[in-house]
Amino acid sequence: MMYDSILARSFSKHEQKKLRYGALLASLLIAFSFCFVIKPYLGDLPALKLRLSMGVGLRMLMIGEKSSSQKIYKEATIISKSHHDLDHDHTSLKNTSNTLQLVDDINISHKIVDNSSTSHQQIIKNTTNSHWLVIKEFVAKKVKPICNIMKRTDFCQINNKDIRIEGSSATVFIASSSQPDIYAENQSWTIRPYARKGDQAAMNRVREWSVKSVNDPQKLPQCTQNHSIPVILFSNGGYAGNHFHDFTDIVIPLYLTSRQFNGEVQFLITNKQSWWIEKFRKVVKNLSKYDPIDIDKEKGIHCFTRGIIGLKRLDKELNIDPSLSSYSMKDFRQFLRSSYSLKKDTAIKIRDGEKKRSPRLLIITRKRSRTFTNIAKIVQLARKMGFKVVVAEADMNVSKFAEIVNSCDVLLGVHGAGLTNIVFMPDNAVFIQVVPFGGVEWLAKTDFEEPSKDMNLRYLEYKIKIEESSLIQQYPLDHQVLRNPASIGKQGWYAFRSVYMDKQNVELHLNTFRPTFLKALELLHQ
């Protein structure tokens, strides 16, 4: 009241008002200057997330971003204990991997720890109530995610972890460390362990698995069987049984994924088909020294410390890109030769004037569709041109058929799964693909032409004309099947396949085809 009286006597009401505004403005300027000068010494304020729990006292976990590749974790605990006890703790906790700092001022700057293997603790005394605030901070560096989401496949690669696999629930449990890490950010993945992602019809035939990161050890199922070797879990579902898909979706991806272990790996198979295992028994046995386990039928918990859920594969069919992998198609073909004891590494090289040896020609036949309707005449032509001819159809006996294919220098067949057997051909052999009528060229190129070149084979192609197709006997000449195949393709894959793949046979016009045989002989001279 006294100050108000003095102010009233000394200044008019208008001047009093101006003075108050001036004082307010000066106060704001002082506050702004103080913040601007002091801010650099305050450091970052990283307490973005808080999680409370009851322990010795009040504990808080604070997470702050350091960079895109690291996160800083701070754990603060408020405790009430004597200075003597705290000094004792300070001494016992101090070692090569932990540093402690005793501070009397609670208003301190946050310290960033760059070494992820070193934690940092600060012990801060509140002189008012004799409470102590213990701040522990460490940096957890982000690592590569264990599950790789790719164009044609998903797979989870798990190293140095406690892995527990429960077949009854189709779940893979991964025990996370107590220290926060990347797994805490992504607790669960779902995966169908078959390498043809994007093909819904195939993936619908594959059992879905969950891969879960578990921080609490008490929530992990108890192991009933411990394994000292790595594990690979994959599916025999999808298009298993189709020879082309057996190789491009399972055998080659399995080779890519497991070869690194030199046989010291356990296969767990979901959607297991016993006939498939028997069909590729030599391949499976050479990739793993242990009998595969039908994980879907297992009641217990199989435990491992290292493993891969799903199979690795690259985008192209029947292909291994050495620039993206430690292996190549050359390595894979050599592995097949070893697995099936194939003797021939290189195709025959014909020298001028040599009459003792004739190149062997294998003609692959089919029963249901895309068959050669004049096979006898084709054989007769080939023999007249100097080939020793073998006619055979691929079956479930892979070992026997691999020997036949490997013994030949030239392979002839209509586009279809049977042509997958080119993987057994010797180097520099000649592969002739007959392409049916109806716009099948894109399939012929993707499935066999491009892969054959990576197999060190010489590729030839013969596209049949409409007069060589049996479709001319089934449809009038003005029908869209013959006149406009693209219109059938627009109706979808199943409509296209039902006509041009399932209903079509081939009658080669020998005079038109003869130059293809001549070109094959020419290549064998080179």
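Note that the numbering runs from 1 along the sequence shown for the chain. Hydrogens, waters and symmetry mates play no part in the numbers below; they use all other heavy atoms, side chains included. These numbers were taken from a predicted model, which means no experiment stands behind them.
Checking side-chain atoms of Thr257 against main-chain N and O of Leu311 turns up no donor-acceptor pair under 3.5 Å. The backbone N or O of Trp209 sits nowhere less than 3.5 Å from a side-chain atom of Thr190 that would complete a donor-acceptor pair.
Separating the CG atom in Asp162 from the CZ atom in Arg164 is a distance of 4.0 Å, to the nearest 0.5 Å. Between Lys349 atom NZ and Asn428 atom CG the span is 9.0 Å, to the nearest 0.5 Å. Taking NE2 of His415 as the reference point, atom CD of Glu461 lies at 10.5 Å (rounded to 0.5 Å). Atoms CG and CG, from Leu254 and Leu256 in turn, are 9.5 Å apart once rounded to the nearest 0.5 Å. Taking CD1 of Ile472 as the start and CZ of Phe437 as the end, the distance is 9.0 Å to the nearest 0.5 Å. Atom CG of Asn319 and atom CG of Asp454 lie 5.0 Å apart (nearest 0.5 Å).
Donor-acceptor pairing under 3.5 Å is recorded for the side chains of Gln433 and Tyr459. A donor atom on one side chain and an acceptor atom on the other are not found under 3.5 Å apart for Gln504 and Ser470. A donor-acceptor pair shorter than 3.5 Å cannot be found between the side chains of Thr171 and Ser210. For the residue pair Asn271/Ser235, the side-chain donor-acceptor check at 3.5 Å is satisfied. Between the side chains of Asn286 and Ser339, at least one donor-acceptor pair of N or O atoms lies under 3.5 Å. Counted by atom type alone, Gln480 and Tyr475 present zero donor-acceptor pairs between their side chains at under 3.5 Å. Using a 3.5 Å distance cut-off with no hydrogens or angles, the side chains of Ser169 and Glu166 do pair a donor with an acceptor.
A ring-ring contact (aromatic ring centres under 6.0 Å, His included) check over residues 146-175, counting only residues at least two apart or in different chains, returns nothing. Within the structure, disulfide (SG to SG under 2.5 Å) pairs that include any residue of residues 257-332 comprise Cys223-Cys303 (at least two apart or interchain). Sorted by first and then second residue, the side chain to side chain donor-acceptor pair (under 3.5 Å) pairs involving residues 392-407 (not counting sequence neighbours) are Lys282-Ser399, Arg360-Ser407.
Ile158 is not listed as a side-chain neighbour of Arg306, based on a closest heavy-atom distance of 4.5 Å or more. Val398 has its side chain within reach of Tyr340: a pair of non-hydrogen atoms, C-beta onward, lies under 4.5 Å apart. For the pair Met455/Ile422, a side-chain contact is recorded, criterion being any heavy-atom separation below 4.5 Å from C-beta on. Asp154 is listed as a side-chain neighbour of Lys197, based on a closest heavy-atom distance under 4.5 Å. Contact of the Val435 side chain with the Val414 side chain is not registered, since no non-hydrogen atoms from C-beta on lie closer than 4.5 Å. Side-chain contact check for Leu362 versus Ile404: some heavy-atom pair is nearer than 4.5 Å. The shortest distance between side-chain heavy atoms of Lys212 and Ile174 does not fall below 4.5 Å. You'll find the side chain of Val410 reaches within 4.5 Å of the side chain of Phe387, heavy atoms only.
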Residues 236-252, side-chain donor-acceptor partners within the protein, below 3.5 Å, at least two apart:
residue, atom, partner, partner atom, Å
Asn236, OD1, Gln273, N, 3.4
Tyr239, OH, Asp199, OD1, 2.8
Tyr239, OH, Asp199, OD2, 3.1
Asn242, OD1, Phe244, N, 3.0
Asn242, OD1, His245, N, 3.1
His243, ND1, Lys279, NZ, 3.3
His243, NE2, Asn421, OD1, 3.1
His245, ND1, Asp249, OD2, 2.9
Asp246, OD1, Gly241, N, 2.8
Asp246, OD1, Trp276, NE1, 2.9
Asp246, OD2, Lys279, NZ, 2.7
Thr248, OG1, Glu317, OE1, 2.9
Thr248, OG1, Leu318, N, 2.9
Asp249, OD1, Arg196, NH1, 2.9
Asp249, OD1, Arg313, NH1, 3.1
Asp249, OD2, Tyr194, OH, 2.8

Run the side-chain donor-acceptor check on residues 491-500: report pairs under 3.5 Å with partners two or more places apart or on a different chain.
residue, atom, partner, partner atom, Å
Ser498, OG, Tyr494, O, 3.3
Ser498, OG, Ala495, O, 2.8
Tyr500, OH, Val481, O, 2.6

Tabulate below the donor-acceptor pairs under 3.5 Å that side-chain atoms of residues 321-331 make, not counting sequence neighbours, or state none.
residue, atom, partner, partner atom, Å
Asp321, OD1, Ser323, N, 2.9
Asp321, OD1, Ser323, OG, 2.7
Asp321, OD2, Ser323, OG, 3.2
Ser325, OG, Tyr327, N, 3.1
Tyr327, OH, Gln260, N, 3.3
Ser328, OG, Lys330, N, 3.4
Ser328, OG, Asp331, N, 3.2
Ser328, OG, Asp331, OD2, 3.2
Asp331, OD2, Ser328, N, 3.0

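The environment of Asn204 atom CG is dense: over 12 non-hydrogen atoms of other residues, nucleotides or ligands sit within 6.0 angstrom. The neighbour count for Gln222 CD, taken as heavy atoms of other residues, nucleotides or ligands under 6.0 Å away, does not exceed 12.
A salt bridge links Glu522 and Lys519; the closest N-O separation between the charged side-chain nitrogens and carboxylate oxygens is under 4.0 Å. Between Glu449 and Lys453 a salt bridge is recorded (basic side-chain N to carboxylate O distance below 4.0 Å).
For Arg281, the salt bridge (charged side-chain N to carboxylate O under 4.0 Å, His left out) partners are Glu278, not counting sequence neighbours. Residues satisfying the salt bridge (charged side-chain N to carboxylate O under 4.0 Å, His left out) test with Arg207, not counting sequence neighbours, are Asp296. Residues passing the ring-ring contact (aromatic ring centres under 6.0 Å, His included) test with His509: none are found, sequence neighbours excluded. For the ring-ring contact (aromatic ring centres under 6.0 Å, His included) test, residues two or more places apart in sequence or in another chain that qualify with His227 are His302, Phe304. Scanning for salt bridge (charged side-chain N to carboxylate O under 4.0 Å, His left out) contacts around Arg458 gives an empty result, with sequence neighbours left out. Phe335 pairs by the ring-ring contact (aromatic ring centres under 6.0 Å, His included) definition with Tyr255, not counting sequence neighbours.
When each of Ile191, Leu268, Ile165 is checked for a side chain to side chain contact (heavy atoms under 4.5 Å, CB included) with Val172, only Ile165 meets the rule. Screening Ile320, Leu342, Asp427 for a side chain to side chain contact (heavy atoms under 4.5 Å, CB included) involving Arg333 leaves a single residue, Asp427.
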- Task: List the steps, then state whether side-chain hydrogen bond (donor to acceptor under 3.5 Å, both in side chains) holds for Asp502 with Ser369.
- Result: CA-CA 6 Å; Asp502 297 342; Ser369 66; 4.7 Å; no

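Contact between Ile232 and Gly310 at its shortest, heavy atoms only, is CG2-O, 4.3 Å.
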